[in-house]
Amino acid sequence: MSEMNPLPEELSEEARALATALRELFQGLNVSLRRYSSRRHRNAATFSRYFSGRAVPPWDVVMDLLTDLAEHRGKPTTQEAMDLLRRLHQAAIATSSSPKHAVEILERQLADADRTARSTTAHSDVIGEALLDRQHRIADLEVRLTHLESEWSAERARADALEAHAPDIANLLRERDALSSEVARLAKELEQVQARHTQAEERCQLLERQIDSIEEQRRATIVTTTEKPSSPCLPKVLVVDDQAENLLAMTAVLDGFDQEIVAVSSGREALKALLDHDDFAVVLLDVQMPEMDGYETAAQIKRRARHRDLPIIFLTAMNIDADHSARAYAAGAVDYIAKPFDPWALRAKVAVFTEIFQERRRRER
């Protein structure tokens, strides 16, 4: 530990907690920082930044550290320890405003969605094979039943001799009915799995578009900062979401346009931000939030005379049905977008309301 720099005082709570945990894990290896960085083919200065909290390491670096410590101690890492580190890592990333970390969050979500898509494909194949097997068995039973029934009709005159077939027919009928019920159940389960697969694929596509959008914004920001001076009177966009990852993703997607992003994590903070400033062009408001949800927050905003005409766009992870849409528009929303959002659509909608705001401000001047 003597090789490591002390933790800076200006570190956020989340970054300090992760760095402290990583330092404790590394201390358990009983090796020098230079030796460990050589083992993992990384620069010692890079590990020093990770352990001092000045940079958030990729998750695979944390996993490598856990693996090495487990091998050193001769016992596997507990699931509790891994879950704790994952929470600390996600919290540290979420509090960072770096576009690189926004991409890391979206790439992790993309990996989860891809894993869901692949698992549902495998599940669908298994159910499909089971369904096909049951259908073949039903067809075979139908053939046997037809044969027995025709035999029963042809030999009705010898009914006494063929009475032994009656239990067989009854058993086959019961087996056929049971298989028919199972086919119906498997068909329904297959439909549900295929629906989950479709949703996962759609989520993968949207997340890839979000990542592309952020990367494009990073390139555009470099160009605009070198070519065009920033304006001191940019219109503001208020982003309200209780999930830090969502705030980071939306901020990264919208960053770089002629607008200032103000991100807050609750309805009460949104109301305070609107009291402090008058130059908001539009509000992006999450529906599901603790204490004060999006509907209540929108109602509070619209009660104030100066914000009565402020456009509000709701974002929600819930299904957009008629009841939710009606409630959103009744609360004063101008639009309703499902998450994960399409970055191009979100940027286009925000650009429209920003232009309207700027035009109104030009007329007032």
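Count residues from 1 along the sequence. Side chains are part of it too, since the values below use all heavy atoms of this structure and drop only hydrogens, waters and symmetry mates.
Note: the hydrophobic cluster containing L141 also contains L131 (ILVMFWY, side chain heavy atoms under 4.5 Å, direct or indirect links). Hydrophobic clustering places L346 together with I356 (ILVMFWY residues linked when any side-chain heavy atoms are closer than 4.5 Å, directly or through intermediates). Neither L7 nor F26 shares a network with the other; the hydrophobic side chains, linked directly or stepwise wherever heavy atoms of I, L, V, M, F, W or Y lie under 4.5 Å apart, form separate groups for each. When hydrophobic clusters are built by joining Ile, Leu, Val, Met, Phe, Trp and Tyr residues whose side-chain heavy atoms come closer than 4.5 Å, directly or via intermediates, I337 is grouped together with V253. Tracing side-chain contacts under 4.5 Å through hydrophobic residues (I, L, V, M, F, W, Y), one never reaches I138 starting from L132; they form parts of separate clusters.
The shortest distance between side-chain heavy atoms of V31 and D68 does not fall below 4.5 Å. I127 is not listed as a side-chain neighbour of E191, based on a closest heavy-atom distance of 4.5 Å or more. Side chains of V240 and D286 form no contact here, defined as non-hydrogen atoms less than 4.5 Å apart. When side chains are defined from C-beta on, L310 does not count as touching R304, because their heavy atoms never get closer than 4.5 Å. The side-chain heavy atoms of I93 and W59, taken from C-beta on, include no pair separated by under 4.5 Å. Contact check for Y50 versus V62: no side-chain heavy atoms found under the 4.5 Å cut-off. Annotation: side chain of L275 is not in contact with side chain of K272 (no heavy-atom distance under 4.5 Å). Using a 4.5 Å heavy-atom threshold, the side chains of L25 and L85 count as touching.
Ring pair F357/F280: centre-to-centre distance not below 6.0 Å.
Ring geometry for F51 versus F47: interplanar angle under 30°, hence parallel rather than tilted (30 to 60°).
Contact record, L88 with A21: CD1-CB, 3.9 Å, taken as the closest heavy-atom pair. Closest heavy-atom contact between R137 and E175: NH2-OE2, 4.0 Å.
The environment of E291 atom CD is sparse: at most 12 non-hydrogen atoms of other residues, nucleotides or ligands sit within 6.0 angstrom. With a 6.0 Å radius and a threshold of 12 heavy atoms from other residues, nucleotides or ligands, Q192 has its CD atom above the threshold. Residue-environment remark: CZ (R268) stays at or below the threshold of 12 foreign heavy atoms within 6.0 Å. In D309, the CG atom is not crowded: 12 or fewer heavy atoms of neighbouring residues, nucleotides or ligands sit closer than 6.0 Å.
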Original post:
Passes salt bridge (charged side-chain N to carboxylate O under 4.0 Å, His left out), R362 versus E359? Steps please.
Top reply: CA-CA 5 Å; R362 283 193 291 268; E359 179 63 28; 2.7 Å; yes
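A donor-acceptor contact shorter than 3.5 Å is absent between the side chain of T251 and the backbone of L248.
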